Engineer: 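Have a look at this one.
This structure is a prediction, so every number in the text was calculated from the model and none was measured. Within every chain, numbering begins at 1; the chains are lettered A, B, ... in the order of the sequence lines, protein sequences first and strands thereafter. Just the heavy atoms: all of them, side chains too, but no hydrogens, waters or symmetry mates, feed the values below.
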Amino acid sequence: MAEKKVKLNELGLTKEDYKGQKSTLCLGCGHNAIVGQVISACFELNIPPEKVFKVSGIGCSSKAPTYFMKRSFGFNGLHGRMPSLATGAAFGDTSMIGIGVSGDGDTASIGMGQFKHITRRNLPFLYIVANNGVYGLTKGQFSATAEKGLALKKQGQNRYVPVDIVWEAIAGRASFVARTFSGDPQQLKALIMAGLHHRGIAVIDVISPCVTFNNQDDSFHSYAWGKSHEVALHKLSFVPPVEAIKVEYEKGESLDVPLFDGTHIILKKLAHDYEPTDRARALQMLEDANRQNELITGLIYINPKQKSLFDLYDLPDTPLNRLPDEKLRPSPESIEEINQLML
Amino acid sequence: MAEKKVKLNELGLTKEDYKGQKSTLCLGCGHNAIVGQVISACFELNIPPEKVFKVSGIGCSSKAPTYFMKRSFGFNGLHGRMPSLATGAAFGDTSMIGIGVSGDGDTASIGMGQFKHITRRNLPFLYIVANNGVYGLTKGQFSATAEKGLALKKQGQNRYVPVDIVWEAIAGRASFVARTFSGDPQQLKALIMAGLHHRGIAVIDVISPCVTFNNQDDSFHSYAWGKSHEVALHKLSFVPPVEAIKVEYEKGESLDVPLFDGTHIILKKLAHDYEPTDRARALQMLEDANRQNELITGLIYINPKQKSLFDLYDLPDTPLNRLPDEKLRPSPESIEEINQLML
Amino acid sequence: MAKTTPEIKTQKVVNEFSVNIATVNGSGSQTANMTLIRSIFKMGIPVSGKNIFPSNIQGLPTWYKIRVSKYGYLARTQKTEIAVAMNPKTFTDDLNELIPGGVFLYADHIKEPILREDLLLCPMPVKTIVKQANPPRKLRDYVANMVYVGVLAYLLDIQLDTLKSALEFHFKGKQSAVDFNLSVIRDAFQWAENNLEIVSPFKVQPLNLTDGCHLAKGNTAGALGTIYGGMHFLSWYPITPATSLPEAIHAYAPDLRKDPETGKNTYVIIQAEDELAAIGMLVGAGWAGLRAMTATSGPGLSLMGEYASLAYFAEIPIVVWNVQRVGPSTGLPTRTAQGDVNLTYYLGQGDTEHVVLIPGSVKECFEFGWKALDLAELLQTPVFVLSDLDLGQNQWITPPFEYPDTPIERGKILWEEDLEKIKDDWGRYLDLDGDNIPYRTVPGNQHPKSAYFTRGTGHDDYAKYSEKPEDWEENLDRIKRKVDSSRNILPEPEITTRSGSKNGIIAFGSTDFAVREACDYLEAEGVKLDYLRLRALPVSSKVLEFIRKYERVYVIENNRDGQMHSILSLELPDRASDLVSLSHIDGLPLCAEWIKDAVLEEEKS
Amino acid sequence: MAKTTPEIKTQKVVNEFSVNIATVNGSGSQTANMTLIRSIFKMGIPVSGKNIFPSNIQGLPTWYKIRVSKYGYLARTQKTEIAVAMNPKTFTDDLNELIPGGVFLYADHIKEPILREDLLLCPMPVKTIVKQANPPRKLRDYVANMVYVGVLAYLLDIQLDTLKSALEFHFKGKQSAVDFNLSVIRDAFQWAENNLEIVSPFKVQPLNLTDGCHLAKGNTAGALGTIYGGMHFLSWYPITPATSLPEAIHAYAPDLRKDPETGKNTYVIIQAEDELAAIGMLVGAGWAGLRAMTATSGPGLSLMGEYASLAYFAEIPIVVWNVQRVGPSTGLPTRTAQGDVNLTYYLGQGDTEHVVLIPGSVKECFEFGWKALDLAELLQTPVFVLSDLDLGQNQWITPPFEYPDTPIERGKILWEEDLEKIKDDWGRYLDLDGDNIPYRTVPGNQHPKSAYFTRGTGHDDYAKYSEKPEDWEENLDRIKRKVDSSRNILPEPEITTRSGSKNGIIAFGSTDFAVREACDYLEAEGVKLDYLRLRALPVSSKVLEFIRKYERVYVIENNRDGQMHSILSLELPDRASDLVSLSHIDGLPLCAEWIKDAVLEEEKS
Ligand SMILES: Cc1ncc(C[n+]2csc(CCOP(=O)(O)OP(=O)(O)O)c2C)c(N)n1
Ligand SMILES: Cc1ncc(C[n+]2csc(CCOP(=O)(O)OP(=O)(O)O)c2C)c(N)n1
Ligand code: SF4
Ligand code: SF4
Ligand SMILES: [Mg+2]
Ligand SMILES: [Mg+2]
């Protein structure tokens with residue numbers, strides 16, 4: 001018991017290598033759980049931190065990327081406009097893995113437009129929404145996902161019906177849409193792992209309580225409510241290619257969703273019998289769950305075959321940002337031809 | 001045959017009184033049909049033009065309000081930001097009727113965020129999207145509703161999957177969502193009439209061909225495609241309160257949707273057996289139609305009971321913009337109390 | 001354990017020192033600090049409080065700086081006489097910041113080395129006293145802060161009774177809270193009385209300099225001014241440090257603006273989805289005859305440019321408060337600056353120039369709150385109010401707010417009966433009165449002549465679309481003249497002269513406090529300056545007259561590029577080289593020492 | 001029927017006149033007009049074409065103004081010698097605009113009264129000739145336009161062969177189209193030959209002044225320059241008059257920028273959902289090591305402020321073209337202006353000041369297309385290119401584009417091998433070279449030291465979050481010095497002297513053409529001016545030297561407020577009163593007559 005053995009992943013890295021700065025979020029903030037599971041997922045998936053770029057908007061949630069993977073490039077952009085930043089950044093080197101963390105204000109209030117357009121374009125990108133129904137960083141105003149009737153200090157009662165990020169992602173044609181809960185770290189991690197291997201946009205709406213401004217027991221975005229109302233659609237596991245062959249799962253009991261890179265998502269049936277492959281049915285299921293007052297979690301929709309944004313551009317293997325100068329400038333001869341066209 | 005009798009409505013106004021400036025849109029532009037049906041609907045509904053305010057964004061479509069109802073206040077705002085303009089304007093005098101015309105670029109590209117937020121707030125407002133899948137005014141670029149693969153001069157082929165405005169409106173919790181076609185003036189008019197009487201946001205997505213830039217026969221937004229693929233969900237009529245009592249419709253053959261003001265929408269069953277009252281089912285129906293390559297038109301979703309934005313504010317009967325000054329400034333006595341609170 | 005303090009000789013200093021209280025963000029030190037400041041205020045001593053906090057909710061260092069000044073100096077000082085160290089992370093810095101002979105209070109469980117020997121040390125047994133009080137776990141940090149209140153009260157000579165009444169105000173009659181806090185304070189006070197060997201040379205003694213005054217923040221004042229200004233419509237989006245302004249409207253309007261007859265609200269508040277929408281709603285509301293306002297800060301203002309340009313061009317009254325923080329970009333969201341002068345004045349594409357009011361005190365925030373709404377409707381143009389974090393979010397002594405001395409000004413709005421009287425065609429942009437201000441109608445007006453079509457594109461006097469060169473030019477020139485003529489009706493600058501001044505000094509907004517103080521110091525050094533405080537843009541002719549009077553005029557501002565200096569230079573090109581820009585930005589409010597030194601440096605050259 | 005024209009005496013004028021062709025928008029007059037202008041150009045005669053069109057797709061009046069000038073004057077003129085009236089709506093205005101003795105061609109089915117008697121009238125049997133050609137219904141208007149080409153060719157002495165080769169260029173070998181159009185032109189020509197009684201005093205005669213030159217639009221040139229500049233990433237949103245720039249990249253890049261080895265594209269184009277997203281993508285791409293650019297106009301630029309401020313602060317290279325139209329607000333989208341000088345230079349909240357390149361010719365649009373990308377990466381800052389509708393969308397004579405004479409400049413990017421060599425910690429914002437420009441790495445770099453965290457909030461030299469006052473100040477001051485130092489490497493102004501000039505004149509961008517012409521006229525009137533054309537902001541020391549040399553310097557600009565005049569005044573406060581602002585905006589390009597008159601007026605005083 002003298003020496004503590006430090007676990008290494010296949011890259012020979014420790015979990016420490018996947019950490020970032022010390023969190024400055026509140027103790028108990030749901031966003032810290034997200035940070036933790038991103039770290040675990042990337043560690044377990046053996047992703048070299050240098051292969052990741054991480055971006056965010058503005059908000060407590062958007063600080064999260066500071067707290068994981070200090071060896072990854074990071075960019076804390078503008079409020080509501082992480083999607084455009086991510087889109088531009090992703091083309092620098094399309095072999096990189098992009099992770100974004102946004103808030104419900106960041107995504108569903110000011111960021112609604114960009115959110116819908118990044119889902120539509122299907123950028124290969126893990127888009128985590130740390131959804132607490134409130135503006136944490138500006139101290140407790142209603143966000144667009146706050147439930148109608150929610151009462152907050154100084155703000156009175158929320159008048160408006162909430163934006164449902166999962167509905168929006170599905171309507172917006174995201175190819176991977178999940179909902180989970182900061183209080184369910186296992187599922188959160190499995191979804192992050194799956195999302196990181198999905199070739200397309202993977203939106204994970206994480207109910208992530210703000211312990212400082214919106215954690216009343218009866219509030220939809222609280223730990224208490226989540227804990228007592230969560231209904232997982234399935235037990236989800238992410239399986240790398242080698243293991244996939246070995247996994248034996250009972251037919252009818254599990255659903256196997258193969259991803260483009262040979263990995264698999266295995267969905268073990270729980271209470272619900274649900275296949276996450278039909279957009280309209282997904283929404284029907286959510287409506288039902290809403291009526292039952294359930295917090296449905298799990299992989300709600302996936303289309304592993306939808307063309308990703310990268311697939312729509314015919315780009316060279318060499319990353320664009322490493323192309324040598326001579327590939328970027330047309331030949332000296334060409335200028336004469338061009339001039340001849342000018343009349 | 002010497003004198004032409006001019007038809008008057010119950011206000012003693014002629015249709016001419018409902019017209020605006022002469023249209024400067026292209027001959028045959030779908031938007032002209034929308035202008036025409038707004039005029040007819042308001043004329044037939046006996047709406048005093050002075051009771052209407054009309055707003056728009058920027059685009060050919062957004063010019064439409066110039067061409068109807070010159071006696072109504074109008075505001076041609078900023079590209080993509082008609083919803084916020086409308087929201088502010090509506091509170092000036094909540095007895096006014098608001099009509100907005102936007103384009104697909106205006107609503108689904110730059111305007112996506114504001115569009116989603118006006119639907120969520122359920123402002124009583126008729127929101128017409130003149131949807132041609134293209135940017136008319138800037139001469140023919142793809143808009144966000146252009147179908148994947150559409151080829152346009154100078155633009156090549158569209159890479160992205162389209163935004164479906166009806167999906168978005170429903171996900172965004174609009175309380176009245178319809179789709180129709182500039183080539184189906186009867187249905188267009190009936191929907192406008194119904195929308196004008198709906199207390200809440202009424203989104204009508206009108207497929208409205210751009211004859212100049214996107215009217216190829218096989219293009220989704222063309223006249224030819226619409227004409228040959230339109231499938232009306234129902235025969236829709238709008239019935240004022242007096243008539244409603246008289247209307248006899250066969251049970252089982254028609255659906256009666258009563259609106260808050262005593263008017264009714266009567267949906268006479270056609271090929272489909274469809275009730276427009278369930279959000280998820282509406283989307284299922286649209287998915288099916290998509291697969292069948294149908295242009296489904298009609299009233300796709302309605303919830304006449306959802307609280308409107310006006311209902312959420314406890315406002316005086318006198319319009320805010322007519323409140324006398326003494327109602328606006330607290331009493332001289334109150335200032336002393338206020339000062340005492342300052343410590 | 002701390003070493004025993006060596007004997008330090010400091011002269012007794014009464015009512016003229018600063019206290020720097022270092023805590024951890026989110027630990028609830030606000031009640032403690034407010035209790036202190038209120039107590040000192042209640043003793044009749046001028047006092048100001050500044051919150052220096054991080055862009056964070058919990059856990060990062062925060063400071064509260066209390067300045068006590070019998071001279072009534074309210075600006076930030078560089079010197080700190082007393083430090084309260086509750087945060088281990090900043091312990092050493094807080095220690096080092098003290099002047100020699102300063103008093104250093106600290107929680108005695110912080111085990112950082114104390115290397116200075118020129119201080120009066122005061123370790124406080126925070127944990128013991130808190131344990132004694134036995135508060136719920138959640139409140140422990142909060143209660144710890146009451147300990148320094150008690151110890152400071154003992155050291156400074158603040159009576160427990162005074163603290164009690166401050167607590168009573170704070171808790172608005174919640175007696176149990178008052179009692180509980182007071183008991184902790186009392187314990188700490190008693191501990192100090194019994195155990196402390198040091199005697200603080202810094203003391204407070206009652207004066208009567210705050211009689212008739214109040215303590216308030218600029219944002220609260222702005223909110224109240226807006227409410228008294230008859231604001232109908234507020235749409236806003238949260239952003240530090242503007243947020244507390246709309247939130248104060250939210251807090252006060254339900255009482256103040258419920259129609260006593262009908263019990264209905266005479267206003268609407270909408271939290272918009274972003275600033276693009278916030279200003280869009282304003283423009284809609286302003287157009288529809290509502291007195292409409294919003295409050296934002298730099299990043300939000302950047303997003304408002306396009307609609308501001310439309311409002312300027314289409315002549316729609318709106319009011320936008322810009323409570324400035326440090327930019328460029330997200331910058332330092334919780335620090336103060338005056339870096340958006342240009343952005344605000346010229347906001348939008350094309351040739352634009354806006355009316356800008358610049359309050360320099362809390363009282364003026366109230367006054368400009370209602371005046372801005374009047375001016376916007378009078379001039380039919382956007383009116384901006386340029387405040388900043390220091391003024392908006394910090395605690396300032398202020399005379400009472402004064403009830404508006406002029407009736408609500410709605411400008412040239414025509415209703416049905418007015419139109420009835422007009423024989424000719426009415427034109428929205430016709431300059432009938434020769435004052436460049438046209439008449440307008442608003443939606444709801446049922447007169448058949450009332451409607452017109454508003455747009456951001458070229459139009460003629462009848463609001464008809466026009467691309468004609470002369471229509472464009474005439475219209476834009478009229479708008480320029482209109483905004484230009486506002487110089488004559490905007491708040492005049494405030495001028496303070498000293499006999500025999502050769503040079504002048506100009507400032508605006510929250511730097512006023514530091515500039516006044518600096519002018520006193522400068523006079524002591526033999527440099528007399530006449531002082532002009534700008535209160536609006538475009539500037540009045542008084543400002544130009546002022547500048548012309550001196551050999552040289554210093555322009556003081558809390559930004560990098562001397563933005564106001566530029567604006568003034570352009571107003572008086574022939575004196576441009578005699579305007580000296582002294583600007584500085586690092587996130588902190590300017591202080592008198594910096595201004596004094598900067599001016600002295602220039603005077604030498 | 002038109003009356004017979006009275007005898008009018010006009011001296012024969014060769015190669016020096018203007019033609020104003022009035023048609024209806026969307027009627028397809030472009031081919032006709034281009035055929036005319038190309039033919040004249042091919043005859044070796046300097047010629048320019050300006051499209052004056054409405055913000056509309058079909059049906060509203062449009063004019064095309066062709067100026068023929070043996071002196072090489074290419075600017076707009078106020079005088080019109082020949083008018084072609086195809087649009088009944090503007091018939092009378094078009095008629096009235098002509099100089100006495102002018103030639104008035106019109107479609108003879110337009111039945112408007114012709115009240116002037118001092119013109120040479122030329123009714124054209126358009127319908128008859130069109131009928132003869134029997135085109136499909138849709139093409140009728142289009143073909144009608146060929147009629148005036150034929151009649152004008154006859155009147156001006158343009159050879160049918162020249163027209164033919166112009167058509168051949170236009171239709172790129174589509175012989176049937178050439179033949180069809182030519183036959184209509186020929187019919188019209190013949191009709192004119194056989195029937196016209198008048199003789200046009202205005203004629204063209206071959207010269208050799210266009211040898212080696214081309215005809216092009218600034219936007220096409222900017223697009224090509226960008227492609228040769230190695231642009232990787234273009235994200236844009238359509239807006240008049242910028243649209244044709246990205247569209248030209250879209251058109252030319254597939255050929256020019258497909259890697260011949262792999263057949264892959266070496267660039268990405270994304271049509272963004274709006275300008276907020278367009279610039280957001282740029283910033284992401286620039287950060288990730290891509291040479292990224294966009295093009296927009298005023299309303300779009302307004303929306304880009306917040307991200308521009310971030311890019312300035314976080315030091316991210318991006319290139320933004322602003323092809324200016326008339327503002328404020330939506331303004332006149334299809335008319336030209338220089339009203340965004342301030343907006344562009346200072347774009348964003350807080351203290352910002354950007355590098356701005358200002359091309360003054362089509363050739364410079366090409367050159368600045370690639371230079372902007374180099375400068376952005378070299379300086380690690382946003383670079384703006386300020387063009388306008390007149391330069392961008394109109395047809396100009398230009399020398400051939402020159403292949404870039406310097407290699408692609410990627411600035412200080414560190415890759416794995418570079419980091420390998422660095423022993424100490426590498427800091428993103430460390431000024432290692434003392435030139436205020438730090439080193440950067442970009443995502444994809446696999447070196448464990450390469451990563452850093454970018455943000456719009458305060459940071460230290462190692463890109464760590466910081467709210468420390470000194471970190472903020474030092475960083476911002478360095479950035480200021482960095483942008484300031486660009487004065488030495490930006491394109492120098494172009495100076496043209498005339499011996500004995502007492503005063504100077506400064507202009508920039510598309511007004512160059514009118515200013516040169518005006519200077520000639522002024523010299524003829526005895527006023528000699530030395531001329532400086534600005535090509536970049538912040539200005540070079542040469543500009544300041546220039547200003548110092550003269551008693552007085554006129555600053556010419558196409559806006560209301562004299563924005564560049566302000567910028568120059570601030571650069572040289574001691575000469576501010578000797579800078580005279582002459583500015584004017586009405587939607588039309590400035591013309592030499594206006595400049596001449598304005599200067600003469602000032603010279604009198
Ligand atoms: C343009 C702009 N407007 C407003 C702000 C202020 N602001 C910062 S964070 C935030 C809300 C964050 O809420 P959310 O995204 O839900 O994140 P959370 O803090 O709740 O995790 C706001 C409004 C800003 N930074 N930029
Ligand atoms: C901020 C801004 N960006 C761009 C433009 C240019 N613009 C004008 S209309 C338009 C597109 C209009 O398309 P749509 O809304 O589909 O209307 P349509 O013309 O097709 O009816 C664009 C991009 C603008 N006016 N404002
Ligand atoms: S305020 Fe809320 S969201 Fe922000 S860090 Fe604290 S708990 Fe988390
Ligand atoms: S361009 Fe298209 S959308 Fe615009 S008016 Fe013409 S047909 Fe209609
Ligand atoms: Mg949140
Ligand atoms: Mg469209």
Engineer: Taking side chain as everything from C-beta outward and backbone as N, CA, C, O, which of these in C:Leu301 sits under 4.5 Å from a heavy atom of chain D? Side chain, backbone, both or neither.
Structural biologist: neither
Engineer: What are the two closest heavy atoms between D:Asp561 and C:Lys480, and how far apart are they?
Structural biologist: OD1-NZ, 2.8 Å
Engineer: Hey, which of C:Leu476, C:Thr352, C:Asp578 has the most heavy atom pairs under 4.5 Å with chain D?
Structural biologist: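 Among C:Leu476, C:Thr352, C:Asp578, the one with the most close pairs to chain D is C:Leu476.
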Engineer: Sub-3.5 Å donor-acceptor pair from the side chain of C:Asp574 to the main-chain atoms of D:Ser577, do we have one?
Structural biologist: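 Checking the backbone N and O of D:Ser577 against the side chain of C:Asp574, no donor-acceptor pair under 3.5 Å is found.
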Engineer: Go through C:Asp340, C:Asp477, C:Thr344, C:Asp471 and name the one with the most non-hydrogen pairs under 4.5 angstrom from chain D.
Structural biologist: C:Asp340
Engineer: Out of D:Ser466, D:Ser329, D:Gly587, which one racks up the most heavy-atom pairs below 4.5 Å with chain C?
Structural biologist: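 Top option by heavy-atom pairs under 4.5 Å: D:Ser329.
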Engineer: Find the one option among D:Pro328, D:Pro469, D:Gly348, D:Ala311 whose heavy-atom pairs under 4.5 Å with chain C are most numerous.
Structural biologist: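 Result: the option with the highest number of such pairs is D:Pro328.
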Engineer: Flag the one option from C:Lys468, C:His565, C:Arg560 with the top tally of heavy-atom pairs under 4.5 Å to chain D.
Structural biologist: C:Arg560
Engineer: What residue in C:Ile585, C:Leu588, C:Leu303 has the most heavy-atom pairs under 4.5 Å with chain D?
Structural biologist: C:Ile585
Engineer: Quick one: which of D:Ser297, D:Pro573, D:Ala308, D:Ala576 has the most heavy-atom pairs under 4.5 Å with chain C, could you say?
Structural biologist: D:Pro573
Engineer: Counting only non-hydrogen atoms closer than 4.5 Å, does C:Thr334 touch chain D with its backbone (N, CA, C, O), its side chain (CB onward), both, or neither?
Structural biologist: side chain
Engineer: Using a cut-off of under 4.5 Å on heavy-atom pairs, state which of D:Pro54, D:Ala337, D:Ser569, D:Gly305 scores highest against chain C.
Structural biologist: D:Pro54
Engineer: Quick one: which of D:Asn322, D:Leu332, D:Leu343 has the most heavy-atom pairs under 4.5 Å with chain C, could you say?
Structural biologist: D:Leu332
Engineer: Is C:Glu473 close to D:His584 at the side-chain level, that is, under 4.5 Å between some pair of heavy atoms?
Structural biologist: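 Yes, at least one pair of side-chain atoms sits under 4.5 Å.
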Engineer: How long is the span from the CG atom in C:Asp586 to the CD atom in D:Glu474, to the nearest 0.5 Å?
Structural biologist: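 The CD atom of D:Glu474 is 10.5 Å from CG of C:Asp586, to the nearest 0.5 Å.
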Engineer: Roughly how far apart are D:Ser302 OG and C:Leu310 CG, rounded to 0.5 Å?
Structural biologist: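 Between D:Ser302 OG and C:Leu310 CG, I get 11.0 Å after rounding to 0.5 Å.
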Engineer: Which atoms of C:Leu276 come close to chain D, meaning under 4.5 Å heavy atom to heavy atom: side chain ones, backbone ones, both, or neither?
Structural biologist: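 Looking at C:Leu276, just its side chain touches chain D.
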Engineer: To the nearest 0.5 Å, what is the distance between OG (D:Ser566) and CD1 (C:Ile567)?
Structural biologist: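 It comes to 10.5 Å.
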Engineer: Quick check for you: among D:Leu572, D:Val326, D:Val341, D:Leu579, which has the greatest number of heavy-atom pairs under 4.5 Å with chain C?
Structural biologist: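 Highest number of heavy-atom pairs under 4.5 Å: D:Val326.
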Engineer: Need one label for C:Arg335: side chain, backbone, both or neither, based on atoms under 4.5 Å from any heavy atom in chain D.
Structural biologist: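 Just the side chain, heavy atoms under 4.5 Å.
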Engineer: Below 4.5 Å, heavy-atom pairs only: which of C:Pro299, C:Ser309, C:Ala314 has the largest tally toward chain D?
Structural biologist: C:Pro299
Engineer: Of the backbone (N, CA, C, O) and the side chain (C-beta and beyond), which part of C:Glu306 lies under 4.5 Å from a heavy atom of chain D, both, or neither?
Structural biologist: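 Both backbone and side chain.
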Engineer: Would the distance check show the side chain of D:Glu467 and the main-chain N or O of C:Ser55 forming a donor-acceptor pair, the cut-off being under 3.5 Å?
Structural biologist: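 Yes, the answer is positive, given that a donor and an acceptor are paired below the 3.5 Å cut-off.
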Engineer: Supply the atom-to-atom distance D:Asp351 CG to C:Gln563 CD, rounded to the nearest 0.5 angstrom.
Structural biologist: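 Rounded to the nearest 0.5 Å, the CG-CD separation comes out at 4.5 Å.
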Engineer: Need one label for D:Tyr465: side chain, backbone, both or neither, based on atoms under 4.5 Å from any heavy atom in chain C.
Structural biologist: side chain
